[in-house]
Every structure is written in structure tokens, then in C-alpha cells.
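Below is one structure, written out as C-alpha cells, with a few remarks after it.
Residue numbers run from 1 in the order of the sequence given. One-based numbering, in listed order, for ligands and for the atoms of each.
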Amino acid sequence: MRFVIKKAVIPTAGLGTRFLPATKAQPKEMLPIFDKPAIQYIIEEAVDAGIEDIVLVTGRGKQAIENHFDKSFELEYYLKKRGYKKLLDTVEQVAKMVDIFYVRQKQPLGLGHAVYCARSAIGSEPFAVFLADDLIYNVKSSGIEQLKKVYSEFPGVVFGVVEVPGDQVSNYGIIKGKSLGGNVFRVEDLVEKPSRREAPSNLGIIGRYILTPDVLSALGTVKSGKNGEIQLTDAIKAVCREKPVYAVKLEGKRYDTGDKLGYMKASIEYALRDKEVGRKLRDYLRRL
Ligand code: G1P
């Protein structure tokens with residue numbers, strides 16, 4: 001039976017060590033990509049795809065995310081009084097966007113464990129998972145929309161992959177898949193962060209998934225894997241032995257905003273796409 005995907009889990013409990021000291025007193029998910037916090041792009045993608053409830057798996061020091069998506073009476077009052085209509089709309093819109101539930105991941109036991117922490121809020125229907133470090137730019141169809149399209153034809157676990165260079169396979173979950181035509185693969189095996197020699201392909205998982213409750217059950221029993229963490233990849237691998245699992249080669253430009261260079265590329269390119277500053281920034285960059 002096929003379900004409409006209404007819930008999404010977004011793990012945000014990571015310490016953001018790669019961005020220290022910028023992330024010492026603020027969550028990495030709140031670092032701006034041009035003029036919006038990184039997490040807002042992800043939540044907008046979810047909302048635009050019809051997600052109604054978002055479960056954010058957080059940790060200590062992440063209150064700024066909650067405040068960002070909450071109503072801010074003082075700020076709204078001030079903006080209204082000053083007649084800053086456009087800014088007021090922007091700020092109000094962020095708070096109205098969606099219902100967000102917060103669950104704590106009390107120990108840093110890995111991505112699989114983070115998703116497992118959301119199990120009571122998810123219940124027994126398929127759900128989406130978004131990794132906040134993966135930003136996919138595609139004006140025609142967002143990452144999650146592309147997965148939903150495949151899911152409507154192939155109900156089951158569906159997640160995104162991209163081709164990654166050989167020297168980077170050890171940063172990703174890598175799949176062994178059989179092409180079903182177009183961008184879709186039937187997944188036969190998955191390995192979390194293999195060495196170049198062990199990698200079964202160069203198709204690396206990126207942070208958009210549609211998962212079934214079987215994956216949550218598997219997360220409850222899988223042993224810790226790569227780096228001693230509970231890996232989402234291992235739970236999906238367990239499910240793929242019994243049920244169909246599909247990978248979709250996503251179209252669009254993908255940024256790894258958890259990496260300093262990827263973060264800068266995203267910030268600059270999102271600014272270049274902006275109507276107000278884009279042209280001026282391009283001129284400036286040309287003259288650098
Ligand atoms: C996680 C997943 C990995 C996936 C990657 C995509 O790894 O475990 O399978 O390829 O996200 O960004 P992380 O980057 O959190 O170490």
C-alpha cells in the first residue's frame with residue numbers, strides 16, 4: 001500500500017566541529033547560506049513537497065533553531081511599528097511555515113541512532129529524512145520531489161544518490177545497484193564509507209530518503225558499524241535483503257554545506273542567483 005509522505009525527520013544534533021569556532025555558541029544549521037539559515041532551505045524543501053510535520057532531532061545548544069521557527073512578538077511589533085512590511089512578512093512566514101516537533105538525541109551514537117530517536121513521533125507510516133548538510137538546487141523539481149515521483153511508481157525505501165569521484169567514496173554510503181532505466185536503480189547492497197577498493201560503485205548516498213517503518217525496526221537491532229556508530233546505511237541494507245529498495249540519481253546541483261569549501265560555494269552561488277546582489281557580486285568576483 002502506498003502512503004502520502006507527511007512526516008519528515010531532520011537530524012540536527014551534530015556538534016559542527018568542522019566549523020569551529022563559528023559553531024561554538026550557535027548551531028551549524030543556523031549558519032547562513034547567503035541570507036537564510038541553512039536549515040531553512042531544507043525545511044522549505046520539505047514544506048513545498050507537502051510535508052506537514054517535521055521532527056527535528058536536536059541536542060544541547062540548538063535552541064536557536066527553535067527560536068528561528070517560533071513567533072517573535074518583539075521583532076514583529078518593532079517591524080510593524082516602523083512600517084517594514086516586507087521584512088515583517090518574511091519573519092512571520094518563517095514562524096508559520098510548519099509544525100515542528102523536537103526530540104533530543106542524548107548521545108552522539110550516529111545518524112541511524114538520530115533517526116531512531118524520532119520513532120515515537122513517526123509511528124507506522126513511511127516518512128522522509130533530510131540531512132541538513134546536503135543542499136540540492138533544482139528549480140524544476142527538488143530532491144524530495146524527485147524521490148516522491150519514483151516512490152509513486154516503486155513504493156518502498158527510496159533514497160537519493162549522486163556520482164562521486166573515486167577518491168571521495170570513503171565519505172559516503174555507496175550502493176551496488178541494478179539500473180531499472182532512467183535514473184532509478186534497484187539497490188542490491190550498500191556499504192557505509194568503504195575504501196576505494198571496497199566500493200561497489202561510485203554512486204554515493206546523499207541526504208534525501210523516503211523510509212518505511214521496516215527501517216526503524218532494523219535500526220532497533222543493527223549493531224554499531226562504521227566508526228562505532230549506528231548507521232542508517234546498515235539498517236537500509238538489512239531491509240534490502242527482504243524488500244525492494246531503490247536509489248534515484250538526483251538531478252540538480254548538490255552542495256555539501258557541512259564542508260568549508262562546499263559551504264562557500266553554496267553561499268556564493270545562492271548570492272549570485274539573487275536579484276538584488278547577484279549582478280554586483282558577479283562584477284566584483286570578476287575583478288578580484
Ligand atoms: C551520512 C550517511 C552517508 C551519506 C552522507 C551524505 O554520512 O551516513 O551514507 O552518504 O551522509 O551526506 P555523514 O556525512 O553524516 O558522515
Any protein heavy atom under 4.0 Å from atom 15 (O) of ligand 1?
no

Ignoring hydrogens and angles, state whether a donor on the side chain of Ser195 or Glu198 is under 3.5 Å from an acceptor on the partner side chain.
yes

For atom 8 (O) of ligand 1, what is the nearest protein heavy atom, given as residue, atom name and distance?
Glu192 OE2, 2.7 Å

Is there a path of hydrophobic side-chain contacts, each under 4.5 Å between heavy atoms, that joins Leu190 and Leu232?
yes

In this structure, atom 10 (O) of ligand 1 is nearest to the protein heavy atom Ile205 O, 2.7 Å

Heteroatom proximity flag, Ile206 to ligand 1, N/O under 3.5 Å
no

Side chain, backbone, both or neither: which applies to Asp134 and ligand 1 if a contact is any heavy-atom pair less than 4.0 Å apart?
side chain

Do the numbers put Arg186 on top of the ring of Phe154, so that NZ or CZ is under 6.0 Å from the six-membered ring centre and no more than 45° off the axis?
no

Is it the case that the side chains of His113 and Gln105 hold a donor-acceptor pair, with the cut-off being a distance below 3.5 Å and no angle test?
yes

What atoms in ligand 1 come closer than 4.0 Å to a heavy atom of Leu111?
1 (C), 2 (C), 8 (O)

Does any donor atom in the side chain of Glu192 or Tyr172 lie under 3.5 Å from an acceptor atom in the other side chain?
no

Tell me whether Asn171 has any N or O atom under 3.5 angstrom from an N or O of ligand 1.
no

Heavy-atom contact under 4.0 Å between Lys193 and ligand 1?
yes

Quick one: is the NZ or CZ of Lys6 closer than 6.0 Å to the six-membered ring centre of Phe127, and within 45° of its axis?
no

Side chain, backbone, both or neither: which part of Leu131 comes within less than 4.0 Å of ligand 1 when only heavy atoms are counted?
side chain

Within a distance under 4.0 Å of any heavy atom of Thr233, pick out the atoms of ligand 1 and give their elements.
9 (O)

When every non-hydrogen atom of Val239 is compared with those of Ala218, the smallest separation belongs to CG2-CB, 4.2 Å

